[in-house]
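Structure first, commentary second.
We're numbering straight along the sequence, starting at 1. What you see is a predicted model; the values in this text were computed from it and never measured.
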Amino acid sequence: MKQRYDVIVIGGGHAGCEAAHVSARYGGNTALITQNKSKIGVMSCNPAIGGLGKGHLVREIDALGGIMGVCADRSGIQFRLLNRSKGPAVRGPRTQSDRALYRAAVQYQISKLSNLKVIEDEVVDIIVIKGCVRGVVLKSGEMLYSSATVLTAGTFLRGKIHIGKRVDAGGRIGEKPSIALSKRLYDLGLKIGRLKTGTPPRLDSRTINWGVLENQEPDKSPSLFSFMHKKVFVKQISCGITFTNSKTHKIINDNLHLSAIYSGTIKGVGPRYCPSIEDKIVRFSSKDQHQVFLEPEGLNDYTVYPNGISTSLPVDIQEEYVKSMQGLENAKIIQPGYAVEYDFIDPRSLSSSLELHCLDSLFLAGQINGTTGYEEAAAQGLMAGLNAILKVNGQDPVIIDRSEGYIGVLIDDLVTKGVTEPYRMFTSRAEYRLLLRSDNADQRLTPLGIGLGIISDERKDTFNKKMYYLNKARDLASSLDLTSSQAKNHGLTVKQNGQTRTAYDFLSHKGFEIDTLIEIWPEFKTFNLEIREQLKNEASYSVYVERQKKDVENMRKDLGHKIPVDFNYSNINNLSSELKLKLQKIRPENLDQASRIDGMTPVALTLILGQIKSYSNIKTA
């Protein structure tokens, strides 16, 4: 009997888990294939979720019913809201996680779905029939058939681990790479490159002198990731802070020739925004110190992750430079730091649904698309898994616009611009970031999830209840008002022009806080803190949000023209050969996407639009 599935997901990392989970949640008969069941949901690098831009992605994943936010909350041992002193649009929720609790939480979410089967084996081949992927071949020799496949190989495609001059095959330390599958992808003619990432040495907390270190405390009022959660689940802890120094830098400089990154052994490009300690010393030579966060990896784990000193230097050099830092004079290394080099596929080979242009029904997600980070991987996995099962059911793919979510920004950047280094999300990448706050992710995306049927009844009820009270709070804030003289009597500084201002207007003023609102209008006490804070955030950005919404409308009007799938750019006169090649390669789906291709000009867009209209007239005739 042939084993058939609607969707097969290859890889049990963050991308694979989200892909398999959403496919099964939608109702698809789904298989998740991994080399080691016990490693499903493992945090390969830092024990943390979220951050600037990344935290927005996690909130959006949660708003669509994904599992990363839920698991981060259940395992979070130090919640902190980054950029707290700045506006809500650029604040980034982050948590340090207990590795064991996070992995257990992910595996629990996967185990709950009866139509999701986990298979422990290695995929060595892909079954291709007439340009369409129809299943996989396992190392055991078994063939599994599917209507769609999602590949989330992480760092395992021809993965190589570098520690000094030593090179071992592996996707993670102690785990085998995927060689046969990588060769198959080469044979299929996909455009493949090499990237690298790295991790620091892990330290034994019992050998660290915590008493001389700075402490970083958790937030007293934690900002959780899931809209379903109101309080933390486990004990909150502090982490330590130390610094590199001139001695540290001299040790590293004297041994740069032994680093795999600088010896020429590694050919792949590393992440610019998460550099190794070697890169920091070379690129920022004028700095006499770099901050290092000492992050405990769990409540019942002696392992400490020294965030900020990833490396590919030999073990003895790692030991020497670690001991040069305050508090680490007697620190012992449990696991050495290393760099890992791996294959990735040019994401410009993908459509916005994350399906390959050249191979029907094969979707890619995660580091295979040139990204770095758990959050970027999970966001792609969610969309790839969703679009895979939608395709199986004969439905159109879901494409989140750049004005609708950071997920849309992420995917559009990848498929339009490609990558020259591992891609990392930042709030600065989103041109409509005032619309895309982390606090309103559910308002932006949960209705979409409800319409698709991927939102649980419990989450749907929670969302509807929140919207009911938020709408009531908005109506109340718009109905209550003060004249300028009344406002002055309450100690508010406004122009004495007789103008009447609503409570909503006052909330938009800088310095007007929720406590003041309640003092003037006690009626707002009936709303919980979450609703009051949401109302304040909305009011604060109201003018700017309306402006951005108009920008979005104008952009859609001018650039919303769809480009036919079989459109031939070579027929456009006066369009440069370079742009023709880029357009043929990327195959933008509309003029908006085409506008972001490197080298695109307004004149070129006008030429393309004119050709599209001519093409449409010919097809109609």
- [ ] Mark yes or no: Arg429 above the aromatic ring of Tyr406, with NZ or CZ under 6.0 Å from the six-membered ring centre and no more than 45 degrees from the axis.
- [x]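 Here Arg429 fails the 6.0 Å and 45° test against Tyr406.
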
Whether over 12 other heavy atoms sit under 6.0 Å from [X] [atom1]:
X	atom1	value
Phe233	CZ	yes
Asn215	CG	yes
Phe243	CZ	yes
Phe426	CZ	yes
Lys460	NZ	no
Lys230	NZ	yes

Taking NZ, NE, NH1 and NH2 as the nitrogens, is one of them in [X] or [Y] under 4.0 Å from a carboxylate oxygen of the other?
X	Y	answer
Asp442	Lys466	yes
Arg402	Asp413	yes
Arg459	Asp62	yes
Arg94	Glu295	yes

So, for [X] and [Y], which heavy atoms are closest and what is the spacing to 0.1 Å?
X	Y	answer
Pro88	Arg437	CB-CD, 4.0 Å
Ile389	Gly28	CD1-CA, 3.6 Å
Ala379	Leu57	CB-CD2, 4.1 Å
Phe527	Tyr469	CE2-O, 3.5 Å
Pro296	Cys239	CD-CB, 3.9 Å
Asn369	Pro347	O-CG, 3.4 Å

[X] [atom1] to [Y] [atom2] distance, which is reported to the nearest 0.5 Å:
X	Y	atom1	atom2	value
Ile411	Gln380	CD1	CD	6.5 Å
Cys17	Leu32	SG	CG	6.0 Å
Glu297	Leu203	CD	CG	9.5 Å
Asn537	Ser540	CG	OG	6.0 Å
Ile400	Leu64	CD1	CG	5.5 Å
Leu435	Glu546	CG	CD	9.0 Å

- [ ] Show your reasoning for whether side-chain contact (heavy atoms from CB on, under 4.5 Å) applies to Thr244 and Lys280.
- [x] CA-CA 11 Å; Thr244 62; Lys280 287 181 182 180; over 6 Å; no

TODO: Take Ser221 and Asp219, measure what side chain to side chain donor-acceptor pair (under 3.5 Å) needs, and give me the verdict at the end.
DONE: CA-CA 5 Å; Ser221 299; Asp219 286 349; over 6 Å; no

TODO: Return yes if a side-chain donor-acceptor contact under 3.5 Å exists between Gln534 and Asn440, otherwise no.
DONE: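 No - no donor-acceptor pair under 3.5 Å links their side chains.
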
Validation row: [X], [Y] side chains within 4.5 angstrom (heavy atoms):
X	Y	answer
Phe506	Thr516	no
Ser438	Phe225	no
Tyr108	Ser111	yes
Tyr374	Val58	no
Ser223	Arg84	yes
Ser23	Val9	no
Met383	Leu410	no
Ile261	Lys196	yes

Looking at [X] and [Y], would you say the former's side chain and the latter's main chain have a donor-acceptor pair under 3.5 Å?
X	Y	result
Glu278	Ser312	yes
Asp98	Leu101	yes
Glu18	Met68	yes
Gln236	Gly76	yes
Arg202	Pro200	yes
Glu60	Ile407	yes
Asp346	Arg348	yes
Arg99	Asp301	no
Asn387	Val398	yes
Gln107	Ile40	yes

TODO: Applying side-chain contact (heavy atoms from CB on, under 4.5 Å), run through Thr197 and Tyr342 and close with a yes or a no.
DONE: CA-CA 9 Å; Thr197 188; Tyr342 55 94; 4.2 Å; yes

Open item on the list: If you apply the rule side chain to side chain donor-acceptor pair (under 3.5 Å), what do you find for Ser44 with Arg172, and how did you get there?
Closed with: CA-CA 7 Å; Ser44 304; Arg172 266 192 302 251; 2.7 Å; yes

- [ ] Please lay out, stage by stage, how Thr152 and Ile368 fare under the test side-chain contact (heavy atoms from CB on, under 4.5 Å).
- [x] CA-CA 7 Å; Thr152 68; Ile368 192 173; 6.0 Å; no

Task: Evaluation steps, side-chain contact (heavy atoms from CB on, under 4.5 Å), between Lys54 and Glu376 - done: CA-CA 7 Å; Lys54 290 170 174 281; Glu376 292 87 347; 2.9 Å; yes

